[in-house]
2 protein chains.
Amino acid sequence: MDRSSSDADATRSRRATITDVAQLAGVSRSAVSRVFNAQGGISAATEERIRDAARKLHWTPSATAIALRSARSRTVGLVLNRPGVAKDGDPELPSGMFTGLEKVLARHDFGLLLHIATSAEHEEQTYRRLAEARRVDGVVLLESRVGDTRFELVRRLGLPAVLLGTPWVEDPISYIGHGPRGAGMREVAEHLLELGHRSIAAVSGPEDYVESSHRDRILREVLATGGAGLVAHHPGPYTPVTAAERTRAILEQHPEITAIVYATDEMAIAGMATLREHGLRIPEDVSVVGYNGTDIGAWYSPALTTVRRDVSQRGRAAARTLLGLMGVTVEASDEQVVDPELVIRASTAPPRGAATATATATAG
Amino acid sequence: MDRSSSDADATRSRRATITDVAQLAGVSRSAVSRVFNAQGGISAATEERIRDAARKLHWTPSATAIALRSARSRTVGLVLNRPGVAKDGDPELPSGMFTGLEKVLARHDFGLLLHIATSAEHEEQTYRRLAEARRVDGVVLLESRVGDTRFELVRRLGLPAVLLGTPWVEDPISYIGHGPRGAGMREVAEHLLELGHRSIAAVSGPEDYVESSHRDRILREVLATGGAGLVAHHPGPYTPVTAAERTRAILEQHPEITAIVYATDEMAIAGMATLREHGLRIPEDVSVVGYNGTDIGAWYSPALTTVRRDVSQRGRAAARTLLGLMGVTVEASDEQVVDPELVIRASTAPPRGAATATATATAG
DNA sequence: TTGAAAGCGCTACCAC
DNA sequence: GTGGTAGCGCTTTCAA
């Protein structure tokens, strides 16, 4: 092969760099840089020539070079802890949240790096690696846990972080809390009280999840205030299978309950199947409430009463906060924080033979 | 503030670089580099000193610097097209797939960069940006469409890519196909035929999705072979709401149908609600089949017959292929490709008054 | 077995 | 307004 003729090819195939653009435009590299960083101090004519050259060469500044130069990767990390992956369970990704996060990050030209850890150690190691290799400028923390060591960890690593949830103890970390009103559980409790329920069970999330235990606490408190009791409380993983098991346990130990509150819609659906197996009708014999409805419960029969949250909005808020922490000037948002909303459908009704408290309670 | 004393602080707080490690170990930077790249040619004693120094300084090579130096970012991009985001629908992320992808990528120290586009143009622009800014070394393409322009695009951009699906036309792109057997639809069709169904409807995915149309084609062919007909075919988006609407349309125009095949479990659940509204019982009056069961259908009443696929495995396969394309030596996998599996549950049964073909058909 | 030095693509400081 | 140049943290010849 003729070596000299391949030169042209090489030149053509190699990705353009700022030097190529400068050359084509007949200016220095600094000039090109200035144009693309909107620093001014370049005449309109020159700028035009430079932009032309860049366009012709399909040139865009190399993210990598900029990252090295500025010591910022313009990337945010997200580590999901999904032990289930090991046995190939289906670790549902909180998609609404991703959407919200990504939307805001992309607008500021930040990328979202996704990692999935399969154990606590693996998780910690992942954060450590991301930080030490300087692959990310900050991280989003999900699923706040009791005894969570991640806040301390990211602090030690010097990694800006935002928690989507509420820390288990007072902590200087930035967070998007689940709100003071029990993330909608107050409304759930009041709804059940109004219907006349007095013996209620909860099939909730893991005990060491801050939000889950917060939801339980509010539920218990509000029920107590209304003269009712949370007579059975079964925390556990967010899986339908175990929800079915826990439902069975409740029916054996507390046949008197007239309503069950589940931690997710999927769990509620599994629970309803179990209730049916035991010959119980919904809502005539037992009322059922889900959580975080992705509308799937609406199609169930009976349609599932649930709590709906705008997780996408929470994602957006987290992204804005994190960008701020990383020193990016982010537009002030006039976005209202939307409270969780109780969606009353057909799976809740007054218990059998209850004095219908509804009439009096609803007045007002 | 005493300027000279702050020097020590600065030294301490600044992240360590390879130079710091070299200095502490009393060697040159090249020596450090060689140790961490397992290039050999370094005496055991020196290596020990270097590793000690690195440990003491918490030093890990900067991913950014390596990226610049090697012109590879060790990152893979994934662009999801979810127009629904605009109206804040819930664009479900194929979580199993992510898990599979990430698992293999992480093992090779590759990151997964997630982007969500809200339109075809936005999508194309995203790929372009990722490529031109050299943020990724390759991309994973999802949801193969008829008339898909992405293969051509990534080729022009010089971006290694793997498609999770089958290209709409013969194309040199690497792909993890949906398999020759109709992604499980052959089994669905045979199952319905055996039960004795002859008038069947399909509420399927978008017409321009390759996999969806492939599934429909196989369904139609196998049914025809068995002397049955796909009398109604309603493609559309993967949303429960429209599935309900399409179910209504089918009932009006083709009251004779005895089975409906849905594109997803969620759509099937919405469809079943609609069937019930019309006073039809499942499976006595109409049999229903879902797809891609995330087990949620198992808890429905009646439990939903569906097709189960190991999407996580497909994700792993895609990651391996892509890594190969990017020049990473990836361990040969002995992982078997698992065929989609028909999961027969309670939502399918012989049609009313059908000669039970089951006995004869199943024999063998 | 080890070190010196060039250079990856870019920005920012300092000249002119 | 514009150009020259040092240097971000690393790898990789080439020499010793």
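Throughout, protein chains are lettered first and strands after them, A, B, ... in sequence-line order, and every chain is numbered starting at 1.
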Under a 4.0 Å N-O cut-off, is there an ion pair linking B:Arg155 with B:Asp171?
-> yes
Is the cationic atom of B:Arg156 (NZ for Lys, CZ for Arg) positioned less than 6.0 Å from the six-membered ring centroid of B:Tyr127 and within 45 degrees of its normal?
-> no
Go through the N and O atoms of the side chain of A:Ser33 and the base of C:dA12, and report whether any donor-acceptor pair is under 3.5 Å.
-> no
Pair A:Arg49 + A:Asp52, salt bridge at N-O below 4.0 Å = no
According to a strict under-4.0 Å criterion, is A:Thr46 in side-chain N/O contact with OP1 or OP2 of D:dT2?
-> yes
Choosing from D:dC10, C:dT2, D:dT2, which nucleotide comes nearest the side chain of B:Ser43?
-> C:dT2
NA contact type, B:Ala71, heavy-atom cut-off 4.0 Å: base, sugar-phosphate, or nothing?
-> nothing
Taken to the nearest whole Å, CG/A:Asp20 to P/C:dC8 is 11 Å
Residues in side-chain contact (heavy atoms from CB on, under 4.5 Å) contact with A:His108, at least two apart in sequence or another chain | A:Val104, A:Phe110, A:Leu323, A:Val328, A:Val330, A:Glu331
If you look at every strand shown and take non-hydrogen atoms under 4.0 Å, does A:Val32 touch a base, only sugar-phosphate, or nothing?
-> nothing
Nearest whole angstrom, please: distance from the C1' of C:dA15 to the CZ of A:Arg34.
-> 11 Å
Closest nucleotide among C:dC10, C:dC13, C:dA4 to the A:Thr17 side chain | C:dC10
Could you state the atom-to-atom distance from CG of A:Asn37 to P of C:dG9 in whole Å?
-> 17 Å
How long is the span from the CD1 atom in A:Ile116 to the OG atom in B:Ser95, to the nearest 0.5 Å?
-> 8.5 Å
Between C:dG9, C:dA6, C:dC10, spot the one nearest the side chain of B:Leu68, thanks.
-> C:dG9
Round to the nearest Å and state the distance from A:Arg134 atom CZ to D:dC8 atom C1'.
-> 12 Å
Any chance the side chains of A:Arg29 and A:Ser33 put a donor and an acceptor closer than 3.5 Å?
-> no
Could you tell me the separation between the CD atom of A:Gln23 and the P atom of C:dG9, rounded to a whole number of Å?
-> 13 Å
Pick one: which of B:Asn81, B:Leu78, B:Leu80, B:Leu130 meets side chain to side chain contact (heavy atoms under 4.5 Å, CB included) with B:His115?
-> B:Leu130
What integer distance in Å separates A:Arg29:CZ from C:dG9:P?
-> 10 Å
Which whole-number value in Å describes the distance from B:Arg72 CZ to C:dG9 P?
-> 13 Å
Return no unless some side-chain N or O of B:Ser28 is found under 4.0 Å from OP1 or OP2 of C:dG3.
-> yes
Of A:Ile18 and B:Glu47, the one whose closest nucleotide on DNA chain C sits nearer the 5' end is B:Glu47
Under 4.0 angstrom between B:Ser70 side-chain N/O and D:dC10 OP1 or OP2 = no
Enumerate the residues from residues 51-66 of chain B whose closest heavy atom to DNA chain C is under 4.0 Å, giving them by residue number; use none for an empty result.
-> none
Checking only heavy atoms, does the side chain of B:Arg15 share a donor-acceptor pair with the base of D:dG9 at less than 3.5 Å?
-> no
Kindly indicate, with the supporting measurements, whether the criterion side chain to side chain donor-acceptor pair (under 3.5 Å) is fulfilled by A:Arg34 and A:Ser30.
-> CA-CA 6 Å; A:Arg34 275 194 280 265; A:Ser30 349; 4.7 Å; no
